[in-house]
Amino acid sequence: MVPVATFRHITIGQYIPGESLLHRLDPRTKILVTLLLVVGLFFIDTYLGYGLAALYIALAIFRSGIPPRFLFRGLRPVIIIILLTFMLNSFMTEGEILWQWGFLTLTKEGLSKGGMLAIRLILLIVGTSILTLTTSPLALTDGLESLLRPGKRIGIPAHELAMMMTIALRFIPTLLEETEKIMKAQMARGADFESGNLLQRARSLLPLLVPLFVSAFRRADELAVAMEARCYRGGEGRTKLKQLAFHTADFLVLAGSGCFVLWLALTM
Amino acid sequence: MMGNKESFIVVDKVSFSYTGEPGAKEETALDQVSLTIEAGEFVAIVGHNGSGKSTLAKHLNGLLLPTGGDVWVAGMNTKDEHHRWDIRQIVGMVFQNPDNQIVAATVEEDVAFGPENLGLPTELIRSRVDEALAVVGMSEYAEAPPHSLSGGQKQRVAIAGVIAMRPRCLVLDEPTAMLDPVGRREVMETISRLNEEEGITVVLITHFMDEAVKAHRVLVMDEGRIVREGQPAAVFQEIDLLRELRLDVPPVIELASRLRAKSLALPEAILTVDEMVTALCQLRSGV
């Protein structure tokens with residue numbers, strides 16, 4: 001049997017609620033620092049630099065109070081990519097030969113370059129995970145909207161993007177519940193969602209997808225009418241219940257992290 | 001007809017037809033409907049599916065514009081684009097499916113959606129949200145995600161979302177049709193309280209006759225027309241008409257009519273079980 005009941009326990013994003021300094025920071029601060037870190041990591045090319053960056057990230061993890069295993073969970077799906085990057089660089093770079101077997105040549109320069117790229121990837125993933133682990137999807141949406149707002153003049157639809165994210169967050173659980181209901185209804189009438197080859201299984205999804213899409217379009221229609229009835233007319237002139245506000249801690253973190261990452265990127 | 005514009009809502013000879021696919025036959029949903037609603041009233045509109053009651057409801061805040069005739073809300077014509085948003089703020093609307101009218105991912109953010117659209121300052125939005133949630137008794141769920149609530153609770157959140165805009169009138173389009181009995185009771189109690197305590201005008205579209213009984217005035221619709229209009233006690237005496245229009249007759253009223261046929265001297269105005277009990281007891285002590 002398909003474990004249909006598991007649908008309900010799907011969580012969106014990977015947010016872990018908490019009261020740490022990192023949780024309380026303005027989402028914009030966290031987004032900006034993460035962005036800076038991501039860009040900065042590409043400019044570092046010494047092991048000392050990566051060591052310092054790793055130390056900085058470790059400090060952030062420690063202050064966030066998030067168990068490190070959650071951060072390493074994010075690495076699992078990309079471990080192959082990291083290994084592949086490491087191997088390719090180690091064997092494909094020309095330089096002082098350390099070991100040779102057939103057409104495979106391991107060079108000193110390759111080993112150093114591969115190791116650095118692998119560390120860069122790991123730090124990138126762990127660093128961005130801290131953002132999504134300490135910021136709720138709602139706060140993330142608010143932060144992105146606020147940061148993108150100045151881009152409106154060059155045609156970035158900040159409000160519309162944020163509204164789409166909000167509605168998606170609101171409706172994903174509803175649609176999952178509905179998927180479960182339709183699946184049970186079809187199974188009760190003998191539908192089989194799991195045997196057969198890939199093609200047969202894909203085809204068996206059709207009786208699930210068609211009603212789901214029809215209902216999603218009907219929901220969209222009704223939601224649009226309900227939004228209009230509540231005076232929704234786009235982002236123009238709209239205010240917010242929760243106004244984002246920078247506090248002293250935000251300025252300190254922004255200035256401190258900014259200077260540190262900039263220094264790392266430029267000198268290391 | 002500008003004469004009685006001083007009534008709160010005036011629907012003046014309104015006709016409306018849905019134009020479907022090109023070449024398809026036009027479907028007349030409303031046919032020369034006229035009615036007035038006074039401030040503070042509780043009006044129920046009943047009718048069979050496709051009688052035009054939902055179409056009429058959508059005319060009251062300009063979601064649909066009449067193809068013939070006019071709708072006036074507080075002296076403003078719904079066809080006048082300058083007043084569209086004023087009218088939608090004055091006349092709030094609650095729909096049948098609670099899932100499809102909640103926009104935001106938490107209860108309080110959803111209730112704030114309307115006031116945010118009106119561009120109110122943050123502190124005012126906060127106080128309106130808290131107030132609206134208290135009125136519908138959902139304060140303790142302020143931060144809950146909507147999908148974790150029951151149907152009745154979701155519908156109360158939807159009502160709070162409209163109340164937070166401080167409307168003078170609430171139009172509810174079959175708000176209890178998708179709810180279980182507990183949810184229905186919660187929502188009906190909320191609606192009655194808003195009408196009695198907050199003085200909000202209520203227009204309730206329903207196909208549950210026992211809900212319509214609670215209104216001051218009942219309109220019966222059929223094929224795009226209003227076929228009966230009056231106090232519930234009077235309208236619900238016409239059992240044959242209701243049956244002909246495929247409407248359910250409330251069991252208490254049916255029972256009263258059968259007892260009267262057996263020549264029991266029951267008064268005309270029996271609409272609820274309590275009234276029936278009182279009447280029967282009086283009859284017994286009288287004998």
Side-chain angles (χ1 to χ4, degrees), chain A residues 7-13 15 17 136-142 145 159 162-181 214-245, chain B residues 54 57-58 60-64 84-130 142-143 145-148 154 158 161-162 164-165 167 171 173:
Chain A
F7 273 141
R8 199 164 299 177
H9 306 295
I10 288 177
T11 49
I12 309 153
Y15 175 58
S136 73
L138 268 179
L140 217 50
T141 309
D142 282 347
E145 178 178 11
H159 166 74
M163 184 54 89
M164 274 159 63
M165 271 169 77
T166 305
I167 291 174
L169 285 175
R170 153 75 187 83
F171 276 92
I172 286 169
T174 306
L175 289 176
L176 283 176
E177 227 167 78
E178 182 146 40
T179 311
E180 195 183 314
K181 214 188 290 171
V214 170
S215 129
F217 279 113
R218 204 196 49 236
R219 282 182 194 281
D221 213 33
E222 284 182 23
L223 185 69
V225 173
M227 283 168 76
E228 256 195 75
R230 283 164 77 183
C231 293
Y232 180 68
R233 52 203 129 159
E236 214 61 53
R238 234 175 149 256
T239 46
K240 299 282 280 178
L241 168 68
K242 286 186 180 146
Q243 213 81 38
L244 294 175
Chain B
S54 284
K58 288 203 175 89
L60 299 181
N61 68 350
L63 281 176
L64 291 177
R84 177 167 302 161
W85 305 107
D86 296 330
I87 288 173
R88 290 201 184 147
Q89 191 257 310
I90 293 174
V91 180
M93 222 171 150
V94 176
F95 299 86
Q96 185 183 79
N97 189 333
D99 265 323
N100 297 354
Q101 52 188 319
I102 294 178
V103 186
T106 65
V107 166
E108 60 176 7
E109 297 256 359
D110 184 73
V111 175
F113 181 73
E116 286 177 343
N117 290 335
L118 298 178
L120 301 177
T122 299
E123 315 81 64
L124 192 58
I125 297 179
R126 172 46 66 190
S127 68
R128 291 256 188 115
V129 168
D130 292 345
E143 282 168 30
H147 65 93
S148 68
K154 280 185 218 170
V162 175
M165 298 173 76
V171 178
D173 189 358

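Every chain is numbered from 1 and lettered A, B, ... according to where its sequence line falls, protein lines coming before strand lines.
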Is there a side-chain contact between D110(B) and R230(A), using heavy atoms and a 4.5 Å cut-off?
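A side-chain contact exists here, since the closest heavy-atom pair is under 4.5 Å.
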Does any backbone or side-chain atom of [X] lie under 4.5 Å from a heavy atom of chain A? Answer side chain, backbone, both or neither.
X: A105(B); result: both
X: P115(B); result: backbone
X: V94(B); result: neither
X: P145(B); result: neither
X: L118(B); result: both
X: L124(B); result: neither
X: Q96(B); result: neither
X: N61(B); result: side chain

ring-ring contact (aromatic ring centres under 6.0 Å, His included) partners for F171(A), two or more places apart
none
With sequence neighbours left out, write down each residue that passes ring-ring contact (aromatic ring centres under 6.0 Å, His included) with F113(B), or none if nothing qualifies.
Y232(A)
Determine the option with the most heavy-atom pairs under 4.5 angstrom with chain B, choosing from [options].
options: A226(A), C231(A), A220(A); answer: C231(A)
options: L223(A), T166(A), L241(A); answer: L241(A)
options: R233(A), M227(A), Q243(A), K240(A); answer: R233(A)

Heavy-atom pairs under 4.5 Å with chain A are the metric here; pick the option from K58(B), E109(B), R84(B) that has the most.
E109(B)
Between I167(A) and chain B, which part of the residue has a heavy atom less than 4.5 Å away: side chain, backbone, both or neither?
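Both backbone and side chain.
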Rounding to 0.5 Å, atoms CG (D99(B)) and CD (E178(A)) come to a distance of 8.5 Å
Counting N and O atoms only, with roles assigned by atom type, does the side chain of T239(A) sit under 3.5 Å from a partner on the main chain of L120(B), one being a donor and the other an acceptor?
yes
